[in-house]
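Predicted model only: the values in this text are computed from it and were never measured.
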Amino acid sequence: MTQLAPNESVTGAEAMVALTAMRADASSLTGRHPAHVFRPLPEILAGWEANGIGTMPFRVGVDIATHRYAGYGLAKMLPLERVLVGCESSRAGAFGGFHHPDQGYRHFQMVALITMYGPMEGRNPERPTLALLDLLRAYTHDCLHYGSRRRYVEVAGMPFRTQYGINYRRTSGQSYSAADPCESHHTRNLGIIMEGACDKEARAITRQMAENFGVAEPSDVLGSLAFRDVTGRLTEEDAGRVVDIPGSEEQTRYAAALRGYEKDVNRRYAHFLEEFAPGEERECHTRLLTAIISGDVAELGAWLDARHGPGAFAGLFRTPEYFAPTDPRGGQRRDPRARPFRVHAPRAPGQRPREQR
């Protein structure tokens with residue numbers, strides 16, 4: 001029996017069979033990290049607790065997120081057994097956390113890949129409290145990806161995703177919205193909007209847990225940045241700060257990925273809310289998340305129309321190429337003079353979006 005997320009649908013018997021096979025085996029994901037050992041999240045938490053590490057900040061945070069997300073229409077959180085946590089790495093100097101390359105929620109497999117924050121050679125985190133906060137941020141973030149509306153149709157016997165949240169894609173591969181220009185401070189890309197909305201929510205929950213449990217900000221440079229990152233308190237100076245960790249290339253790359261994600265995702269999303277919902281940022285954020293979960297943009301569109309005129313959603317996001325004629329030989333006919341585009345923001349080498357495209 002195929003496991004489906006709460007708001008997924010699949011058209012086509014062969015696509016369903018293929019999706020079932022993908023979701024029965026996550027080795028194609030863990031195999032990309034041969035040095036790391038991945039274990040189901042319940043096993044990781046039980047192991048930490050057996051070694052005297054209290055996990056209440058994570059468990060209480062998940063309870064709060066479950067209640068909070070229900071208000072957006074999410075009926076079920078990502079099952080903990082569908083979350084694989086990497087640790088016990090055989091690679092010297094391996095460093096994990098939210099910004100580790102090639103991890104996040106993978107919709108075809110319906111699995112979230114997460115790495116333990118900090119040095120990864122052991123099974124227990126070097127900084128347990130910060131690792132728990134990082135884990136909470138990653139899990140609550142990926143729960144929103146898991147619960148987003150997703151529609152698959154069958155193409156050549158395989159599932160093809162034509163809708164994810166409030167974003168769409170034609171079977172030719174053409175995305176509804178185009179990528180933002182490099183170094184842009186604003187966004188008109190729905191992938192960035194949805195990623196930013198998910199992370200804003202996850203970081204708000206993580207910040208609440210840090211405050212409730214009295215977690216102090218570390219004094220070292222990377223620990224301080226990581227703490228501010230998971231709690232959504234990075235400053236403009238932090239976002240532009242180049243950090244070099246002596247003797248650790250991986251930690252230096254981690255800091256660069258953290259800074260890039262903040263600039264390309266969180267700052268752009270914050271600017272979007274300020275630009276199109278001044279004084280109503282919280283309400284706009286709530287409406288966006290509700291639409292992402294249901295896949296219905298009618299109420300969000302009406303809300304935007306009332307403030308910016310008819311057709312605001314399509315005007316903001318739809319690329320002119322979206323409804324371009326399809327080439328009979330396959331693919332989409334495009335104006336050869338048109339500039340190529342990408343569907344997500346620039347990333348550091350090896351860095352991938354949290355949600356599989």
Check: Among side-chain atoms of T235 and D238, is any donor-acceptor pair under 3.5 angstrom?
Finding: yes
Notebook entry, point to check: For E299, does the CD atom sit with more than 12 other heavy atoms under 6.0 Å from it, leaving out its own atoms?
Noted result: no
Notebook entry, point to check: So if you build clusters from Ile, Leu, Val, Met, Phe, Trp, Tyr with side-chain heavy-atom gaps below 4.5 Å, do L132 and F95 land together?
Noted result: yes
Margin query: Could you check whether any side-chain heavy atom of I193 comes within less than 4.5 Å of a side-chain heavy atom of Y269, counting everything from C-beta outward?
Written below: yes
Note to self: Quick one, F58 with M209, criterion side-chain contact (heavy atoms from CB on, under 4.5 Å). Give me CA distance, side-chain angles, the key distance, then yes/no.
What the structure shows: CA-CA 8 Å; F58 177 81; M209 289 303 95; over 6 Å; no
Check: With distance as the sole test, does S184 use its side chain to make a donor-acceptor pair with the main-chain N or O of D180 at under 3.5 Å?
Finding: no
Checklist line | Point-to-point distance, once rounded to the nearest 0.5 Å, from CG of N189 to OG of S177 | finding: 4.0 Å
Margin query: Quick check against the 3.5 Å criterion: does Q109 have a side-chain atom that pairs as donor or acceptor with the backbone of M22?
Written below: no
Next item on the list: Identify the two heavy atoms, one from I245 and one from T252, that lie closest to each other, and give their separation to 0.1 Å.
Entry: N-OG1, 2.9 Å
Next item on the list: Take F98 and H141 through the test ring pair (Phe, Tyr, Trp, His ring centres under 6.0 Å) and record every step on the way to the result.
Entry: CA-CA 10 Å; F98 185 83; H141 179 120; 5.4 Å; yes
Note to self: Donor-acceptor check, side chain of T187 to backbone of R268, threshold 3.5 angstrom: yes or no?
What the structure shows: no
Check: Is R170 reaching over with its side chain to a backbone N or O of Y322, donor-acceptor style, under 3.5 angstrom?
Finding: yes
Next item on the list: Would you name the heavy atoms of Y69 and T140 that are closest together and state the gap between them?
Entry: OH-O, 2.9 Å
Notebook entry, point to check: How are the rings of Y105 and H145 set to each other: parallel, tilted or perpendicular (split at 30° and 60°)?
Noted result: parallel
Notebook entry, point to check: More than 12 non-hydrogen atoms from neighbouring residues, nucleotides or ligands closer than 6.0 Å to CD on E211, yes or no?
Noted result: yes
Check: Under the criterion side-chain hydrogen bond (donor to acceptor under 3.5 Å, both in side chains), which of R169, E8, R151 is the partner of Q163?
Finding: R151
Check: Should E217 and R233 count as an ion pair when the cut-off is N to O under 4.0 Å?
Finding: no
Margin query: Can you see whether E121 engages S89 through a side-chain donor-acceptor pair at a distance of less than 3.5 angstrom?
Written below: no
Margin query: Strictly below 4.0 Å, N to O, side chains only: are R282 and E201 in salt-bridge contact?
Written below: yes
Next item on the list: Over all heavy atoms of both residues, which pair between I53 and P128 is shortest? Give the atoms and the distance, please.
Entry: CG2-CB, 3.7 Å
Notebook entry, point to check: Are R188 and F317 in a cation-pi setup, meaning NZ or CZ lies under 6.0 angstrom from the ring centre and within 45 degrees of the ring axis?
Noted result: no
Notebook entry, point to check: For E283, does the CD atom sit with more than 12 other heavy atoms under 6.0 Å from it, leaving out its own atoms?
Noted result: yes
Next item on the list: Specify the closest pair of heavy atoms between H33 and L113, including all atoms of both residues, with the distance to one decimal.
Entry: CD2-CD2, 3.9 Å
Notebook entry, point to check: Is the backbone of F323 close enough, under 3.5 Å, to the side chain of Q174 for a donor and an acceptor to pair up by distance?
Noted result: no
Checklist line | Of K200, R241, R228, R267, the residue whose pairing with E262 passes salt bridge (Lys or Arg N to Asp or Glu O under 4.0 Å) | finding: R267
Item checked: Polar side-chain atom of E281 near backbone of G279 as donor-acceptor pair, under 3.5 Å -> yes
Check: If you group Ile, Leu, Val, Met, Phe, Trp and Tyr by side-chain heavy-atom gaps below 4.5 Å, do L80 and L136 land in one group?
Finding: yes
Margin query: Quick one about H99 and Y117 (side-chain donor to acceptor, distance below 3.5 Å, no hydrogens or angles considered), yes or no?
Written below: no
Notebook entry, point to check: What are the two closest non-hydrogen atoms of Y254 and L222, and how far apart are they?
Noted result: CD2-CD1, 4.3 Å
Next item on the list: Identify the heavy atoms of G165 and M194 that sit nearest to each other, and give their distance.
Entry: CA-SD, 3.8 Å
Checklist line | Cluster check F313, F276: I/L/V/M/F/W/Y, side chain < 4.5 angstrom | finding: yes
Check: Hey, is D142 close enough to R82 for a salt bridge, meaning N to O under 4.0 Å?
Finding: no
Item checked: Short N-O contact, R149 and D296, less than 4.0 angstrom -> no
